[in-house]
Engineer: 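Structure provided below as structure tokens; questions to follow.
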Number of protein chains: 2
Amino acid sequence: MSDAFATNHDSYYPIGETIAAELPTHRTGELAALQTVSTMSRFGRNQTIFNEGDDANYSYTVVAGGVRLCKLMSDGRRQIAEFLLPGDIFGFEAGDEHSLTAEALSDVVVMRCSRSNMERISDEHPVVRKQLLSLLRRELSAAQDHLVMLGRQTAKERVTSFLVQLAERAGAANGDSLDLPMGRQDIADYLGLTIETVCRALSDLKSSRLIGIPSRHQVTIRNLDALEAIAVGDE
Amino acid sequence: MSDAFATNHDSYYPIGETIAAELPTHRTGELAALQTVSTMSRFGRNQTIFNEGDDANYSYTVVAGGVRLCKLMSDGRRQIAEFLLPGDIFGFEAGDEHSLTAEALSDVVVMRCSRSNMERISDEHPVVRKQLLSLLRRELSAAQDHLVMLGRQTAKERVTSFLVQLAERAGAANGDSLDLPMGRQDIADYLGLTIETVCRALSDLKSSRLIGIPSRHQVTIRNLDALEAIAVGDE
DNA sequence: CGCCCTATTGAGATTCATCAACTGCGGTGG
DNA sequence: CCACCGCAGTTGATGAATCTCAATAGGGCG
């Protein structure tokens with residue numbers, strides 16, 4: 001879980017377009033205002049961005065790469081709460097401390113915005129404020145779906161739901177391939193399963209011809225309808 | 001799950017103190033402003049307050065009794081996301097629709113506030129706005145803890161964590177008794193277990209003398225430290 | 001080419017779910 | 001006042017799903 005090679009570069013950007021150009025606008029939308037007061041940072045694979053319990057001085061937006069947000073139990077058990085892709089915002093906390101640990105799934109570029117700037121901007125711009133509120137509620141709603149998955153779905157249903165989620169997020173259809181920026185262990189920790197169970201479920205879907213697995217980090221959707229049916233429990 | 005006897009009475013209150021007096025102030029705090037534009041309603045045990053997918057025209061505050069928020073799968077599997085006690089706010093949604101179903105655990109009294117009033121007040125009062133934001137973030141943080149429970153804890157740990165949560169919420173110490181307004185099936189659906197497994201775990205804790213079970217709806221805390229240790233996985 | 005890391009597959013152990021019987025309590029009515 | 005009924009909870013026996021442990025495979029990189 002440790003990574004020696006990773007280093008962390010900060011670089012100050014003037015303002016605006018260069019950064020904005022890299023962001024999928026459908027996700028960040030009007031939060032663009034934040035970019036004007038943000039700093040770019042870079043993290044290597046498996047590097048920690050912040051730990052649960054750290055002072056929550058900054059919020060972040062993913063620019064490139066992927067991030068996982070997780071909780072660790074004292075004996076090492078891990079639960080991943082969320083995978084973040086470009087455009088996603090994280091580290092925007094209730095209290096003084098981060099409630100989750102953030103780690104880079106792959107090499108990742110993030111924009112960092114200080115808490116005070118965040119608050120100032122959201123006080124000044126009702127639009128930004130509403131967006132942040134709406135962001136939180138969407139996250140809450142996503143967490144609730146995640147609860148159903150962990151509490152009431154079988155292993156196969158969880159893995160399938162996960163793939164369907166990714167497919168929807170990417171707007172993928174039959175024949176398209178999905179990128180899996182995370183490893184199998186990450187998927188297992190997101191789904192509350194072991195890595196072996198995840199593998200078996202994937203192999204199973206593959207031999208049923210619902211998916212293809214051209215490489216470790218790619219899955220081809222072959223029959224999205226069937227996957228959606230399995231995800232909801234219609235065998 | 002259907003209940004014939006339950007009926008629903010609405011009654012308009014003038015303003016203020018009579019209602020405020022019934023509320024535990026530590027929870028609602030300055031959200032008191034909402035009370036001035038709220039309506040009181042009453043629901044019987046197991047009665048539905050709103051369904052997932054219903055138009056989210058109102059937000060609610062529990063005044064007396066308990067409420068469960070849950071998700072249902074098409075085949076009847078149920079996951080309870082949250083139990084609400086007096087002072088808790090719910091039904092404050094991201095989109096046009098409620099993302100969860102709300103049902104009365106017992107006979108319950110709620111204050112209802114229209115979405116438009118809610119938005120107007122939160123636009124006019126920065127304090128209320130910040131409180132709602134903070135409320136959402138606390139809920140999100142609670143949901144994340146719930147994810148760990150469902151994804152990574154054993155049955156015994158889950159049941160124990162649940163009791164510890166209740167004890168903390170009630171500020172209970174060794175020797176104190178907790179009220180369990182919900183039934184065993186509700187607990188099971190909250191913890192992602194079956195009713196039998198919940199029973200066995202409770203019986204187990206009882207025979208280890210960590211708790212007492214004077215009645216169906218009460219649990220006596222005998223050794224909170226030991227319970228907390230089990231909840232975290234220190235056998 | 002060979003090593004290392006990740007993923008996959010296999011066999012046996014364990015936890016929890018399922019199915020079924022029984023208990024205890026509160027309410028109702030004789 | 002007591003007997004019966006019904007529901008919620010508890011306990012027991014069995015089985016299935018998933019975890020654990022172990023061996024094997026595959027891909028990228030020095």
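No hydrogens, no waters, no symmetry mates; every other heavy atom, side chains included, goes into these values. Residue numbers start from 1 in every chain, and the chains themselves are labelled A, B, ... in the order their sequence lines are given, proteins ahead of strands.
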Engineer: Taking atom types as they are modelled, is there a donor-acceptor pair under 3.5 Å from the base of C:dT18 to the side chain of B:Arg200?
Structural biologist: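 A donor-acceptor contact between them is present.
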Engineer: With a 4.0 Å cut-off on heavy atoms, is A:Leu202 in touch with a base, just the backbone sugar-phosphate, or nothing at all?
Structural biologist: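 No contact.
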Engineer: Checking B:His146 side chain against B:Ser141 main chain: does a donor-acceptor pair fall under 3.5 Å?
Structural biologist: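 Not confirmed, B:His146 side chain does not pair with B:Ser141 backbone.
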Engineer: Could you state the atom-to-atom distance from CG of B:Leu150 to C1' of C:dC16 in whole Å?
Structural biologist: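 Interatomic distance, CG of B:Leu150 to C1' of C:dC16: 15 Å.
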Engineer: Provide, to the nearest angstrom, the distance between the CD atom belonging to A:Gln153 and the C1' atom belonging to C:dC16.
Structural biologist: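 Roughly 18 Å, once rounded to whole Å.
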Engineer: Looking only at heavy atoms, which two atoms of B:Ile80 and B:Asp186 are closest? And how far apart?
Structural biologist: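 It is CD1-O, 3.4 Å.
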Engineer: If I take atom CG in residue B:Leu205 and atom P in nucleotide D:dG9, what distance separates them, rounded to the nearest angstrom?
Structural biologist: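 B:Leu205 atom CG is separated from D:dG9 atom P by 17 Å.
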Engineer: Looking just at side-chain N and O atoms, do A:Asn46 and A:Arg68 make a donor-acceptor pair shorter than 3.5 Å?
Structural biologist: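 Checked: A:Asn46/A:Arg68 side chains pair up, N/O donor to acceptor below 3.5 Å.
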Engineer: Any side-chain N or O of B:Thr197 under 4.0 Å from OP1/OP2 of C:dC16?
Structural biologist: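 For C:dC16, OP1/OP2 do not have a side-chain N/O of B:Thr197 under 4.0 Å.
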Engineer: Do A:Glu52 and A:Ser99 have side-chain atoms, one donor and one acceptor, less than 3.5 Å apart?
Structural biologist: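 Side-chain D/A pair, A:Glu52 to A:Ser99: absent.
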Engineer: In this structure, how many angstroms lie between the C1' atom of D:dC7 and the CG atom of B:Asp186, rounded?
Structural biologist: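 It is 15 Å, rounded to the nearest whole Å.
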Engineer: Between P on D:dG26 and NE2 on A:His217, what's the gap in Å once rounded to a whole number?
Structural biologist: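 Answer to the nearest Å: 17 Å.
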Engineer: Starting at atom CG of A:Asp75, determine the distance to atom P of D:dC19, rounded to an integer number of angstrom.
Structural biologist: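 To the nearest whole Å, that distance equals 15 Å.
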Engineer: Where the side chain of B:Leu193 is defined as all heavy atoms beyond and including C-beta, which of C:dG24, D:dG26, C:dC16 is the nearest nucleotide?
Structural biologist: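 Out of C:dG24, D:dG26, C:dC16, the nucleotide with an atom closest to B:Leu193's side chain is C:dC16.
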Engineer: Can a side chain N or O of A:Arg77 be found less than 4.0 Å away from OP1 or OP2 on D:dC19?
Structural biologist: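 Looking at the OP1 and OP2 atoms of D:dC19, neither is under 4.0 Å from any side-chain N or O of A:Arg77.
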Engineer: Does the base of C:dC19 carry an N or O that pairs as donor and acceptor with the side chain of B:Glu196 under 3.5 Å?
Structural biologist: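 Present.
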Engineer: Classify B:Ser203 by what it touches in the nucleic acid, base, sugar-phosphate, or nothing, heavy-atom distance under 4.0 Å.
Structural biologist: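 Since only primed, P, OP1 and OP2 atoms lie under 4.0 Å of B:Ser203, the category is sugar-phosphate.
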Engineer: Could you check how far CD1 of A:Ile195 sits from C1' of D:dT18, rounded to whole Å?
Structural biologist: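 Distance, rounded to whole Å: 15 Å.
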Engineer: Whether the side chain of B:Gln165 engages the backbone of B:Phe162 through a donor-acceptor N/O pair (distance < 3.5 Å, no angle test) should be reported.
Structural biologist: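 It does not hold such a pair.
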Engineer: A:Val198 or A:Arg152: which one's nearest nucleotide on DNA chain C is closer to the 5' end?
Structural biologist: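 Comparing both residues, the 5'-ward one is A:Val198.
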Engineer: When all nucleic acid strands are considered with a 4.0 Å heavy-atom cut-off, which category describes A:Thr154: base, sugar-phosphate, or nothing?
Structural biologist: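 Sugar-phosphate, backbone atoms only, no base.
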Engineer: How many Å lie between CG on B:Leu191 and P on C:dA17, as a whole number?
Structural biologist: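 Whole-Å distance recorded here is 10 Å.
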Engineer: Have a look at A:Arg184 and say if it touches a base, only the backbone sugar-phosphate, or nothing, with a 4.0 Å heavy-atom cut-off.
Structural biologist: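 Since only primed, P, OP1 and OP2 atoms lie under 4.0 Å of A:Arg184, the category is sugar-phosphate.
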